[in-house]
Amino acid sequence: MSEPTEKPAISNFIRNIIDDDIANNKWNHPVTTRFPPEPNGYLHYGHAKSICLNFGLARDYAGVCHLRFDDTNPEKEEQEYVDSIIDAVRWLGFDWGDKQFFASDYFDKLYAYAEFLIEQGLAYVDSQSAEAMRENRGTHIVAGKNSPYRDRTPAENLDLFRRMKAGEFADGAHVLRAKIDMASPNFNLRDPVIYRIRHAEHHRTGNKWCIYPLYDYTHCISDALERITHSVCTLEFEDHRPLYDWVLDKLQPIIGWHPQQIEFARLNLTYVVLSKRKLITLVEGSHVDGWDDPRLPTLVGARRRGFTAAGFRLFTDRIGVSKGDSWIDMSILEDCMREDLNFTAERRIAVINPVKLIIDNYAEAESEICFAPNHPLKPELGKREIMLSRELWVEREDYMETPSKGYFRLFPGNKVRLRYGYVVECTHAEYDDNGNLSAIHCNYLPETKSGTAGADSVKVKGNIHWLSAAHASAVEVRLYDRLFAVPHPGADDRDYLLDINPDSKQVISAYIEPALCDIAAEQHFQFERNGYFVSDRMDSKAGAPVFNRTVTLKDTWVQKK
RNA sequence: AGGGGUGUCGCCAAGUGGUAAGGCACUGGAUUUUGAUUCCAGCAUUCGUAGGUUCGAUCCCUACCACCCCUGCCA
């Protein structure tokens, strides 16, 4: 077994473009990408794809990837989100050195370039109302109408624009528009607004500005100023590329750099929702326990769930990148987490759904030590001691009064191994007044202790985990499952809230090895035969960890049933 | 007077005028004190459909079909 490494990347359309550019020495500049979030919310799995893609490209081509906050909308953006985004990208394992920028860093330049466009007759101040502008924009089949203000002179525009900046006008009184083509079949070119008046405090520039540039104008210029070579964004910006190119073409004389915008298909994942609007509803409607709920597809949630950065990187490589709309099944992500955790996580024992197993021929007062390896793939991690005694906790699912075909665990007359301990033969079980299983009885075979010469003298198929009832500790464990019960929540205009999986969170008390009580927060373990768990980084307390189930182990037995 | 994209195995995804990579899933079989892991083998005569060009087409041409995106002073 070797460490799961991220394989050499296979060809994709973005790499092909970069390879060509390098072959042609197009840039004479290191490959430079950027991850450009707007700090107005929490990052989710979809962002992880973009982050791994952009930073991965920079890493593979020995270039750099900038982290740039697209903070041009003062009404929505907050420092809190900036901080959480920084945490998330770092957590995913990437580093951007001093290449951290804000679009708001460029407000002065953006403004100066706007004056340049006005002077060139390429932008004008429009004083129509928002409604009038919408009406005059036209439709799919009708060309837009020119604004009555479209022919203002550069001098008049300059004067108005400067007064907009000076705060002489109310919000919405005027906008600055690029003068392109109101009849263009591409709406983005029907004289797009590039500046609007907003008397609002900005999280970084405070009250310095009351006019703010819009995305299409800001993004391309920010890219160019940072000498980005490949500006990778999602498909819905394909229609914006002509505008991206228009702005940079017009500004070529003063900026002299023109990155290539490349669009890829955003991530679609089954069994979750990724739209910001829906995530907000889930949080505000208390369908989940906040933005870092382990069931939510946010990165803060993923981290609490026990998902790992390496797992996300593996996932990104595994799903590839293309321009085709596609749906990735949640099982792919879960499997990536298993693959990482299988190598990474130490093994421990926990009994999640306990029932007593009584070894009738084991002396009541007695107990003994058994040894369990901490990681079957890494013997260098050593072994730990586990106490065995007469009364044990085992999983309810490990007993069947009348076994179904192929079942090879506990049932009367059958032998199984108590993992790392003895082979026992099941004799009978007890039931309470309600008919529920209350205890299982067995006898052990003293010569079969694991690690002794006679260990293999009796061959058994079944192998179950257990904990000494007298020694085990009880802790809170949260069993998480997929948030939605169907692959495509809300498909066919159904209310997606109706598709929520009612059993996505189960809080239970489970038994664990006593030493586990002292572990630190955010430690990953495989609870043998149960799955991967992590000590919750928010709710664990000294001596009293809380465990979150990250993902179960693959189980071909339940599949067969 | 609409425009921009995408269609290759169940799910992703390479490829490209010379006869369909890879991964995941799945199915066998081996190993296994986790029904896990690991290992080995199998898994598209076919590339949305129909025509055309060509010795040869998934690739070029034509038409058609399906799906996604676009009329914020959001990003």
Quiz prompt | Salt-bridge present (Glu339(A), Arg318(A); N to O < 4.0 Å) | solution = yes
Practice problem: From the options rU34(B), rG4(B), rC73(B), select the nucleotide whose nearest atom is closest to the side chain of Glu238(A). | Solution: rG4(B)
Exercise. Check for a donor-acceptor pair, side chain of Tyr217(A) on one end and backbone N or O of Ala114(A) on the other, with a separation under 3.5 Å.
Key: yes
Quiz item: Between rA1(B), rA14(B), rU34(B), which one does the side chain of Arg529(A) approach most closely?
Solution: rU34(B)
Quiz prompt | Interatomic distance where CD1 belongs to Ile328(A) and C1' belongs to rC12(B) [whole Å] | solution = 5 Å
Exercise. Find the distance Ile352(A):CD1 to rU34(B):P and express it as a whole number of Å.
Key: 19 Å
Quiz item: Among the nucleotides rU34(B), rA1(B), rG5(B), which one has an atom lying closest to any side-chain atom of Lys323(A)?
Solution: rG5(B)
Quiz prompt | Residues forming a ring-ring contact (aromatic ring centres under 6.0 Å, His included) with Tyr407(A), sequence neighbours excluded | solution = none
Exercise. Please measure how far the P atom in rG48(B) lies from the corresponding atom in rA36(B), and state the result in whole Å.
Key: 37 Å
Self-check item: Rounded distance in Å - CG (Leu553(A)) to P (rU37(B))
Solution: 7 Å
Quiz item: Rounded to whole angstrom units, what separation is found between the CG atom of Asp19(A) and the P atom of rA14(B)?
Solution: 13 Å
Self-check item: Among rG35(B), rA75(B), rA1(B), the one nearest Arg196(A) by side-chain distance
Solution: rA75(B)
Self-check item: Aromatic contact, Tyr496(A) with His488(A) (centres under 6.0 Å)
Solution: no
Quiz item: With sugar-phosphate meaning primed atoms plus P, OP1 and OP2, does Tyr195(A) contact a base, only sugar-phosphate, or nothing at under 4.0 Å between heavy atoms?
Solution: nothing
Exercise. Applying ring-ring contact (aromatic ring centres under 6.0 Å, His included), name anything that partners Tyr61(A), two or more places apart in sequence or on another chain.
Key: none
Self-check item: Aromatic stack Trp557(A)/rG35(B): centroid gap under 5.5 Å, interplanar angle under 30°
Solution: yes
Quiz item: Can a side chain N or O of Asn16(A) be found less than 4.0 Å away from OP1 or OP2 on rG15(B)?
Solution: yes
Quiz item: Which nucleotide sits closest to the side chain of Ala143(A): rA1(B), rU34(B), rG15(B)?
Solution: rA1(B)
Quiz item: If the P atom of rA21(B) is compared with that of rG42(B), how far apart are they to the nearest Å?
Solution: 13 Å
Quiz item: Heavy atoms under 4.0 Å, any strand shown: does Arg198(A) hit a base, just sugar-phosphate, or nothing?
Solution: base
Quiz item: If you check the Thr72(A) side chain, which of rG72(B), rG35(B), rA75(B) turns out closest?
Solution: rA75(B)
Quiz item: Heavy atoms under 4.0 Å, any strand shown: does Asn73(A) hit a base, just sugar-phosphate, or nothing?
Solution: sugar-phosphate
Quiz item: Taking atom C1' in both rC73(B) and rG2(B), what distance in whole Å separates the two?
Solution: 24 Å
Quiz item: Below 4.0 angstrom from OP1 or OP2 of rC73(B), is there any side-chain N or O of Arg137(A)?
Solution: yes
Quiz item: Distance between the C1' atoms of rC11(B) and rU16(B), in whole angstroms?
Solution: 24 Å
Self-check item: Rounded distance in Å between the P positions of rC61(B) and rG7(B)
Solution: 15 Å
Quiz item: Taking atom C1' of rA36(B) as reference, at what distance in whole Å does atom CZ of Arg338(A) sit?
Solution: 10 Å
Quiz item: Got a sec, which residues hit ring-ring contact (aromatic ring centres under 6.0 Å, His included) with His240(A), two or more places apart in sequence or on another chain?
Solution: Phe237(A)
Quiz item: CD1 of Ile319(A) versus C1' of rA25(B): gap in Å, rounded?
Solution: 16 Å
Practice problem: Between rC40(B) and rU6(B), how far apart are the P atoms? Round to whole Å, please. | Solution: 37 Å
Quiz item: Which part of the nucleic acid does Leu214(A) contact within heavy-atom distance under 4.0 Å: base, sugar-phosphate only, or nothing?
Solution: sugar-phosphate
Quiz item: Are Phe527(A) and Tyr532(A) near enough that their ring centres are under 6.0 Å apart?
Solution: no
Exercise. State which of rG35(B), rC12(B), rC74(B) makes the closest approach to the side chain of Phe408(A).
Key: rG35(B)
Quiz item: What is the nucleic acid contact for Gly531(A), judged by heavy atoms within less than 4.0 Å: base, sugar-phosphate only, or nothing?
Solution: nothing
Exercise. Please determine if a side-chain N or O atom of Ser11(A) lies less than 4.0 Å away from the OP1 or OP2 oxygen of rG15(B).
Key: yes
Self-check item: Closest listed nucleotide, where the reference is the side chain of Arg347(A) and the choices are rU6(B), rU34(B), rC73(B)
Solution: rU34(B)
Quiz item: Given the side-chain rings of Tyr422(A) and Tyr444(A), with only the six-membered ring counted for Trp, is the space between their centroids under 6.0 Å?
Solution: yes
Quiz prompt | Minimum-distance nucleotide (side-chain atoms of Arg318(A) versus rA14(B), rA13(B), rC24(B)) | solution = rC24(B)
Using the 3.5 Å cut-off, write out each protein N or O paired with an N or O of nucleotides 64-70 of chain B and the distance between them.
| from | atom 1 | to | atom 2 | distance (Å) |
| --- | --- | --- | --- | --- |
| rC68(B) | O2' | Asp325(A) | OD2 | 3.0 |

Quiz prompt | side-chain N/O Thr556(A) vs rA36(B) OP1/OP2, d < 4.0 Å | solution = yes
Exercise. Enter syn or anti for the glycosidic conformation of rG22(B), syn applying to angles within 90° of 0.
Key: anti
Practice problem: Give RNA chain B the dot-bracket treatment, 5' to 3': Watson-Crick (N1-N3 with N6-O4 or O6-N4) or G-U (N1-O2, O6-N3) under 3.5 Å, [ ] crossing, | other strand. | Solution: .((((((..(((.....[...))).(((((.......))))).....(((((..]....))))))))))).....
Exercise. Report yes or no: is there a donor-acceptor pair, N or O only, under 3.5 Å between the side chain of Arg134(A) and the base of rG72(B)?
Key: no
Exercise. For Pro376(A), report the nucleic acid contact type (base, sugar-phosphate, nothing); a contact means any heavy atom under 4.0 Å.
Key: base
Quiz prompt | Test of ring centre spacing under 6.0 Å for Phe187(A) and His140(A) | solution = yes
Quiz item: Is Asn414(A) reaching over with its side chain to a backbone N or O of Arg409(A), donor-acceptor style, under 3.5 angstrom?
Solution: yes
Quiz prompt | Inter-nucleotide C1' distance (rU34(B), rU27(B)), Å rounded | solution = 23 Å
Exercise. With sequence neighbours left out, write down each residue that passes salt bridge (Lys or Arg N to Asp or Glu O under 4.0 Å) with Arg190(A), or none if nothing qualifies.
Key: none
Practice problem: Would you kindly give the NE2-to-C1' distance between His47(A) and rA75(B), to the nearest whole Å? | Solution: 10 Å
Self-check item: Interatomic distance where NE2 belongs to His465(A) and P belongs to rU34(B) [whole Å]
Solution: 13 Å
Quiz item: Cation-pi between Lys49(A) and Phe312(A): NZ/CZ under 6.0 Å from ring centre and within 45° of the ring axis?
Solution: no
Quiz item: To the side chain of Lys554(A), which of rC12(B), rU37(B), rG5(B) is closest?
Solution: rU37(B)
Quiz item: Charged N to carboxylate O below 4.0 Å: is that the case for Arg549(A) and Asp481(A)?
Solution: no
Quiz item: Given the C1' atoms of rG72(B) and rA63(B), what is the spacing between them in whole Å?
Solution: 38 Å
